[in-house]
Amino acid sequence: MLITGPRGTKDVLPEASAHWQYVEKTAREVCRTYAYQEIRTPIFEHTELFLRGIGETTDIVQKEMYTFNDRGGRSVTLRPENTASVVRSYLENKLYSGPQPTKVYYIGPMFRYDRPQAGRLRQFHQFGLEAIGAGGPAVDAEIIMAAVQFFRKLGLTDLNLFINSVGCPKCRPVYRTRLQEALRDKLPDFCPDCQSRFDRNPMRILDCKSEKCAELSADAPEMAECLCEECAGHFAGLKELLTAAGVDYKVNPRLVRGLDYYTKTAFEIQYPLLGAQSAICGGGRYDGLIEECGGDPTPAIGYAIGLERVLLALEKQSLLPAIPTEIDVFVAAVDDATRAKAFQLLCGLRRAGLRCDMDFMERSLKAQLKQANRYPARFVAIIGEEEAAQDKVTLKNMTTGEQELVDAAGIGAKLKGDLEE
RNA sequence: GUGGCUGUGGUGAAGUGGUCAACACGGCGGAUUGUGGCUCCGUUACUCGAGGGUUCGAGUCCCUCCAGUCACCCCA
């Protein structure tokens, strides 16, 4: 073995690709009913876009981007997420001049230079939705419902939806200072991670897995207490709509998202059985991003679903559909002299729309029957010297074992009729 | 970026200094000349992750690297 795939990448092999197609198809169906249209943006963008969009202090930007100079000396980056690209495209293509809000979805690979572990890859795939232009809680509710619907459709249960409000540029700084005030004295007792989070992203401290830190921050103030009137109203509105829609959710006042651009609504859907990487869907509102990217102030909300994690969850619950490998007809040639004839027959059967195959390894008739049996094949069409001489084929029904001599002409149409009965 | 565990053929794996590196599954071929699923038989090129070192001798001991895996960080 000379070359292996790059670390953190995975080949989707034939037996798994049907599962991917199934999940993608389900995603598209949900988007169709929610009236979201697909958008396909480039896999790489100017590095600048992500620096500005995601935020220079975020982990994604600081340590996880695949950045390189192209031959023209431009710094480009493999997209670590797709929201920034969608916003860029929205502005560049003036999608705001169409009917609003702009509702789009995407499915595709993302790249993050992380240490791989269960449910985490360097190239992974996300299915995401973005609704740009509407600021009220109704879009928040709609877009969350689309995710819920997606998981329902796949049959996934035991999912937890957590929501929170992370405030806006008006009220978040107020909270941030209040939180820092409350924690400052105890800071030396926190874990090293939390100490470094104190300045960079103090809200993360509330989310620390260390029991000690959780204890120390137990009585810290919560964002909800500091929300401005607008944010509080928005959050209340969302909760009402979700409740009315009959969706189970939990408010998690400590839920924080890792990207800078989030405002107001933040949410996450977890599938606890996945292990450490249990977030299967995450997103929120980003009312400041479009302006940050050079557009007019425009509210927006979106999220992404990790498809590898969805597949893992489906596997855990045995919800992946069986992949049929059965073929309609296997064409078997008795000897070398009849191979060409067999190939002709094969072509005819395929023209008739049948799923069929033949041997390409010059195997014996016996071996060909074995091969046919393994698919399995409903019928085997055998062509030997005798059949070839009179333009007939021996048609063997592999379930009953019966066989009969039939005319070669029109066999495709006849079989097709039989199989459809 | 940090840490734990792991690394033998297509797969699952025995083997912990000294005969040809077990066994099972799978793959391929065959079991009287044109026929499957069961059974039986045969077969399947081993740099034992890579590179160094110790030793008369290493898959077995040591070092380095690489990869996989799980966890931290972070996130989908």
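Naming convention: chains lettered A, B, ... in sequence-line order (proteins, then strands); numbering from 1 in each chain.
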[N] phosphate, OP1 or OP2, under 4.0 Å from [X] side-chain N/O:
{"X": "A:Arg115", "N": "B:G1", "result": "no"}
{"X": "A:Arg197", "N": "B:C74", "result": "yes"}
{"X": "A:Thr58", "N": "B:C74", "result": "no"}
{"X": "A:Gln126", "N": "B:A76", "result": "no"}
{"X": "A:Gln371", "N": "B:G36", "result": "no"}

Q. B:C74 and B:U16: how far apart are their C1' atoms, nearest whole angstrom?
A. 40 Å

(Q) Between B:A14 and B:A22, how many Å separate the two P atoms, rounded to a whole number? (A) 15 Å

Q. Just checking, is any N or O donor in the side chain of A:Glu142 or A:Tyr36 under 3.5 Å from an acceptor N or O on the other one?
A. yes

Q. Judged by modelled atom types alone, do A:Tyr249 and A:Thr243 share a side-chain donor-acceptor pair under 3.5 Å?
A.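 The criterion, which ignores hydrogens and geometry beyond distance, is satisfied for A:Thr243 and A:Tyr249.
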
Taking the basic N atoms (NZ, or NE/NH1/NH2) and the acidic carboxylate oxygens, is any pair closer than 4.0 Å for [X] and [Y]?
{"X": "A:Glu387", "Y": "A:Lys341", "answer": "no"}
{"X": "A:Lys316", "Y": "A:Asp158", "answer": "no"}
{"X": "A:Glu215", "Y": "A:Lys212", "answer": "no"}
{"X": "A:Arg52", "Y": "A:Glu292", "answer": "yes"}

So [X], base contact, sugar-phosphate only, or nothing? Heavy-atom distance under 4.0 Å.
{"X": "A:Ala372", "result": "nothing"}
{"X": "A:Gly119", "result": "base"}
{"X": "A:Ile382", "result": "base"}
{"X": "A:Ala332", "result": "nothing"}
{"X": "A:Gly128", "result": "nothing"}
{"X": "A:Leu121", "result": "base"}
{"X": "A:Glu268", "result": "nothing"}

Q) NZ of A:Lys10 versus P of B:A76: gap in Å, rounded? A) 19 Å

Q: Could you tell me the separation between the CZ atom of A:Arg112 and the P atom of B:C74, rounded to a whole number of Å?
A: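 It works out to 13 Å between those atoms.
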
Considering only heavy atoms and no angle criterion, is a donor-acceptor pair shorter than 3.5 Å present between the side chain of [X] and the base of [N]?
{"X": "A:Glu387", "N": "B:G34", "answer": "yes"}
{"X": "A:Arg363", "N": "B:C28", "answer": "no"}
{"X": "A:Lys63", "N": "B:C74", "answer": "no"}
{"X": "A:Lys366", "N": "B:U35", "answer": "no"}
{"X": "A:Gln403", "N": "B:U35", "answer": "yes"}

